[in-house]
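The next block holds one structure in the form of C-alpha cells; read it before the comments.
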Amino acid sequence: MATKKAIAQIVGRVPEVYDNAVAGGSVFYFPSTVETHAEAGTEFEIRLCPALLKKPILPTPHFESDQPPSEHRPAHKDPFAPPFDPSLVVGELQDEEIEADHVFLLNKFSVVAHHFLMVTKEYESQSAPLTPGDLTHAYMTLVAARNAGKPMFAFYNCGDRSGASQPHKHLQFLPLSPEGAPIERLARIHVVEDISKPFSIQALPYANYVLRLPPTTSSQTRGELADTLVFAYLALLDLVVSAARHQPAERQELAPGPPSYNVLLTLEHIHLIPRAQETHTLKGTGEKLSINSLGFAGMLLVKCDEEMQAVKSAGVCSILQDVGMLPVNIPSTTLNESDE
Ligand code: AMP
C-alpha cells in the first residue's frame, strides 16, 4: 500500500484504538489540569498531574549501546520490541524506498489523550541521530494529522541528557491546538531573512536552533521531502555540536561525550535544543524535575501544587537554561541574524 495512504489510515485509527485500550485497561490515562505562565513573550503551559506522584521514578538508562536492552541489561525488557501488546499497536510502515520500517504504538501511560509513538522495527539506539526515513515518516504523519483536522507535533529526545526514558529509538506525537506549542508560536512570528539558514529565538536565554521549512514542504514527493528534512536536520545538528564545544568549561564538564539534544518537528519548523543535563533541582522543593522535548516546546509537567509554585517562582526560562546550553556566537554566514 502507498505510504501516504498507510499513514493516513494509521492516524485515522488512533482515536478508536486509544478508546479501546483505555477501556480494556492497557493504556493508563492520568487526568491533569493546565495553567499558563507568561514569560519571554509566550504563554508557557504547566500541566499538573497528581497521579504521577504514584509513578515510580526509574533511573535514566544509558543509550550508547547499539544492543537491545535485554542483551546489555537482562532484567529489562524492551517495551518497543515485539511481541507487542496488540491493543497498543496502531499500525506498521514498511518503506523500501527510504529504507525505514516503523511500528506505531500508543503511549501506555497517557497524560494527553491520543499520545502515540513511532518506534523503529529493528532495535536502534535513542542516542542515534534521526535517519531520512525517521524524519520523512514523522513529517508525513504530521501532514496526515493536519489533513484529518487533528493537528499534532512530533518530538525526539536524543541521548542520555535529553529526558528520554527508553533506550529503543522512539519519536513521539502529541495532539495540540492549531496555534501550536508555546515555542512554536515564537518561531512562527520570527522574521526570517534567509530561509535556507537556521535562526535562534532570541527571547529564550538558552541555545536553540530552528529552521523554517519551505512552504511547499508538505506537498513534496517522498524523495524531495527526505532531502529537505535531512538538509535542515544536519544544519541544526552542526549548530548543536558547535554550541556544545563553545560552552564555558564548567558546562562542558556537565555534558561529556556525544551531544544530547531535543528535536521538535512541526509542519513549519524543525527545532534542535542542545542539552547540558537531564534534570533541574527546584530550589523551592529540592525535587529533581526531569525535562524532555516537551519542556522545550514550552509544556512542562509537575506532580503537585508545591512543584507548580516552585516552577513559577524559579521561572520557566531559567529552568530551561539550566538544563540546556548557553547561547554562543555563531557567524551570520551560518545563522540568520536576530530580528529584534
Ligand atoms: P520517553 O520517556 O520520552 O523516552 O518516552 C517513552 C514513552 O514511552 C513514555 O511516554 C512512556 O509513557 C511510554 N512507555 C513506557 N512503557 C511503554 C510501553 N510498554 N508501551 C507503550 N509506551 C510505553
Side-chain angles (χ1 to χ4, degrees), residues 1-11 13-14 17 21 26-27 58 60-109 115-142 144 154-174 222-223 225-227 229-230 233-234 237 257-263 265 270 272 292-293:
M1 188 194 306
T3 309
K4 199 170 159 190
K5 195 165 163 207
I7 294 184
Q9 288 189 352
I10 288 171
V11 167
R13 266 201 295 272
V14 170
V17 180
S26 42
V27 161
L58 301 172
T60 307
H62 290 284
F63 306 132
E64 298 321 321
S65 169
D66 52 10
Q67 298 302 310
S70 51
E71 285 172 33
H72 64 98
R73 296 185 308 149
H76 296 79
K77 186 194 170 299
D78 176 1
F80 302 152
F84 299 111
D85 171 348
S87 55
L88 296 181
V89 178
V90 192
E92 276 191 32
L93 274 183
Q94 229 175 343
D95 197 332
E96 277 162 23
E97 186 183 325
I98 51 172
E99 290 178 18
D101 289 349
H102 292 111
V103 180
F104 289 73
L105 296 174
L106 292 176
N107 185 335
K108 190 170 179 60
F109 306 101
H115 180 171
F116 64 92
L117 317 169
M118 182 179 91
V119 309
T120 53
K121 198 158 183 188
E122 295 296 321
Y123 181 84
E124 285 177 41
S125 166
Q126 189 71 6
S127 64
L130 294 172
T131 61
D134 297 332
L135 288 162
T136 307
H137 282 175
Y139 193 87
M140 289 175 82
T141 303
L142 299 182
F155 58 97
Y156 180 55
N157 302 318
C158 184
D160 279 355
R161 299 180 297 275
S162 66
S165 63
Q166 295 294 338
H168 183 143
K169 194 191 240 184
H170 56 286
L171 285 88
Q172 308 189 46
F173 297 86
L174 204 71
R222 203 139 93 263
L225 182 57
D227 288 348
L229 296 170
V230 169
Y233 181 67
L234 292 181
L237 203 49
S260 284
Y261 55 95
N262 295 113
V263 181
L265 178 66
I270 307 188
L272 259 68
N292 67 15
S293 296

side-chain hydrogen bond (donor to acceptor under 3.5 Å, both in side chains) partners for Asp85, two or more places apart: Ser87
Shortest non-hydrogen contact from Leu171 toward Ala138: CD2-CB, 3.9 Å
Rounded distance (nearest 0.5 Å) linking atom CZ of Phe80 with atom OH of Tyr123: 11.0 Å
Asn157 and Ser293: side chain donor to acceptor below 3.5 Å: yes
Residue list, side-chain hydrogen bond (donor to acceptor under 3.5 Å, both in side chains) with Thr136, at least two apart or on another chain: none
Of all pairs that satisfy salt bridge (charged side-chain N to carboxylate O under 4.0 Å, His left out), the ones with a partner from residues 90-100, not counting sequence neighbours: Glu92-Lys121, Asp95-Arg222, Glu97-Arg222
Heavy-atom check, side chain of Gln166 versus side chain of Pro79, under 4.5 Å: yes
side-chain contact (heavy atoms from CB on, under 4.5 Å) partner of Leu105, the single match among Val90, Val89, Val17: Val89
Approximate separation, where rounding is to 0.5 Å, of Leu117 CG and Phe104 CZ: 10.5 Å
Pairwise distance CG(Asn292) to OG(Ser165) - rounded to 0.5 angstrom: 8.5 Å
Sub-4.5 Å side-chain heavy-atom contact between Pro129 and Tyr261: yes
Closest non-hydrogen atom pair, Thr120 against His102: CA-CD2, 4.0 Å
Shortest non-hydrogen contact between Asn262 and Ser162, atoms and distance: ND2-O, 3.0 Å
Taking every non-hydrogen atom, the tightest pair across Ala164 and Gln126: CB-CG, 3.9 Å
Contact summary for Ala144 and Ala8, nearest pair of heavy atoms: CB-CA, 4.0 Å
Nearest-0.5 Å distance that lies between atom CD1 in Ile270 and atom OH in Tyr139: 9.0 Å
side-chain contact (heavy atoms from CB on, under 4.5 Å) between Asp134 and Lys169, intermediate numbers included: CA-CA 10 Å; Asp134 297 332; Lys169 194 191 240 184; 2.5 Å; yes
His137 NE2 to Leu93 CG distance, which is reported to the nearest 0.5 Å: 5.0 Å
Nearest-0.5 Å distance, CD1 of residue Ile10 to CZ of residue Phe116: 8.5 Å
Residue pair Val263 / Tyr233, side-chain heavy-atom distance below 4.5 Å: yes
Which atom of His170 lies closest to which atom of Gln172, heavy atoms considered: CD2-NE2, 3.7 Å
